[in-house]
Amino acid sequence: AAGILSLTQMVDRLEEDHANARLFAEGIAGLNGLMVNPDDIRTNIVFFDIDPVKVMPADRFVRELEKSGIRLIQLGSCRLRAVTHRMVERADIEKVLTIMKKVIAS
């Protein structure tokens, strides 16, 4: 249903969602222990990996971010997924990256 809504009523917004996903991926690429290739991001979905030795196990990382209202989906032991959408603005991306940096440093 969300995909149909996006393609029928929110086409203009898709470009912004994709740009926000790319910004998010670029920010993740700069964080120690998180791995993503921003050039692979072509939609509003960002898949990235976490190094459990350098950072923490993925499930713990997800739980820590949830404390700040950030929801990621864990896909396997080291793989995570994030999605941007109409409720996510550029400022939100910057805030999430700041929080992620703090969680990694803790």
Side-chain angles (χ1 to χ4, degrees):
I4 292 170
L5 177 66
S6 294
L7 294 173
T8 59
Q9 298 178 27
M10 305 207 56
V11 174
D12 294 340
R13 175 61 201 214
L14 287 176
E15 185 176 336
E16 186 175 345
D17 292 340
H18 295 178
N20 283 336
R22 177 71 181 240
L23 176 68
F24 185 57
E26 289 168 353
I28 290 170
L31 296 176
N32 187 34
L34 300 182
M35 289 102 17
V36 65
N37 181 351
D39 292 334
D40 291 342
I41 307 306
R42 304 209 189 299
T43 67
N44 65 324
I45 302 172
V46 179
F47 293 98
F48 63 101
D49 296 302
I50 184 167
D51 182 329
V53 176
K54 287 184 180 179
V55 183
M56 64 186 70
D59 59 336
R60 182 172 156 220
F61 188 66
V62 169
R63 284 193 311 273
E64 291 297 319
L65 291 175
E66 282 178 353
K67 293 176 183 176
S68 297
I70 301 164
R71 284 179 248 143
L72 300 176
I73 294 175
Q74 184 178 349
L75 305 168
S77 63
C78 299
R79 190 88 162 147
L80 300 167
R81 183 186 89 157
V83 179
T84 60
H85 51 76
R86 66 184 176 94
M87 303 291 287
V88 177
E89 302 295 332
R90 181 181 181 95
D92 298 320
I93 298 297
E94 294 167 356
K95 180 179 176 182
V96 167
L97 290 169
T98 298
I99 292 167
M100 289 173 85
K101 188 174 185 177
K102 288 178 184 176
V103 168
I104 290 169
S106 65

- Message: With rounding to the nearest 0.5 angstrom, report the CD1 to CD1 distance, Ile70 to Ile99.
- Response: 4.0 Å
- Task: Taking all non-hydrogen atoms of both residues into account, name the closest pair between Glu89 and Asp92 and its distance.
- Result: N-OD2, 2.8 Å
- Query: What is the distance from atom CG of Leu23 to atom CD1 of Ile28, rounded to the nearest 0.5 Å?
  - Reply: 10.0 Å
In a table with atom names and distances, give each donor-acceptor pair under 3.5 Å that connects a side chain of residues 31-46 to protein atoms at least two apart or in another chain.
unit_1: Asn37; atom_1: OD1; unit_2: Asp39; atom_2: N; d: 3.0
unit_1: Asp39; atom_1: OD1; unit_2: Arg22; atom_2: NH2; d: 3.0
unit_1: Arg42; atom_1: NH1; unit_2: Asp39; atom_2: O; d: 3.0
unit_1: Thr43; atom_1: OG1; unit_2: Ile45; atom_2: N; d: 3.2
unit_1: Asn44; atom_1: ND2; unit_2: Thr84; atom_2: O; d: 2.6

- Message: As an exercise, state the distance from CZ of Arg79 to CD of Gln74, rounded to the nearest 0.5 Å.
- Response: 12.5 Å
- How far does CD1 of Ile73 sit from CZ of Phe47, to the nearest 0.5 angstrom? 9.0 Å
- Is the backbone N or O of Glu94 less than 3.5 Å from a side-chain atom of Thr98, with the two atoms forming a donor-acceptor pair by type? yes
- Atom of Phe61, atom of Leu80 and distance for their closest heavy-atom approach: CD2-CD1, 3.7 Å
- Message: Ignoring hydrogens, what is the shortest heavy-atom contact between Ala58 and Ser77? Give both atom names and the distance.
- Response: CB-O, 3.3 Å
- Same apolar cluster: Val88 and Leu97, side chain cutoff 4.5 Å: yes
- Distance from Lys102 atom NZ to Met100 atom CE, nearest 0.5 Å? 14.0 Å
- Query: How would you list, by chain and number, every residue that makes a salt bridge (Lys or Arg N to Asp or Glu O under 4.0 Å) with Arg63, sequence neighbours excluded?
  - Reply: Asp59
- Task: Carefully, step by step, assess Met56 and Val103 under the rule side chain to side chain contact (heavy atoms under 4.5 Å, CB included).
- Result: CA-CA 9 Å; Met56 64 186 70; Val103 168; 3.8 Å; yes
- Message: Any non-hydrogen side-chain atom of Arg90 less than 4.5 Å from a side-chain atom of Glu16?
- Response: no
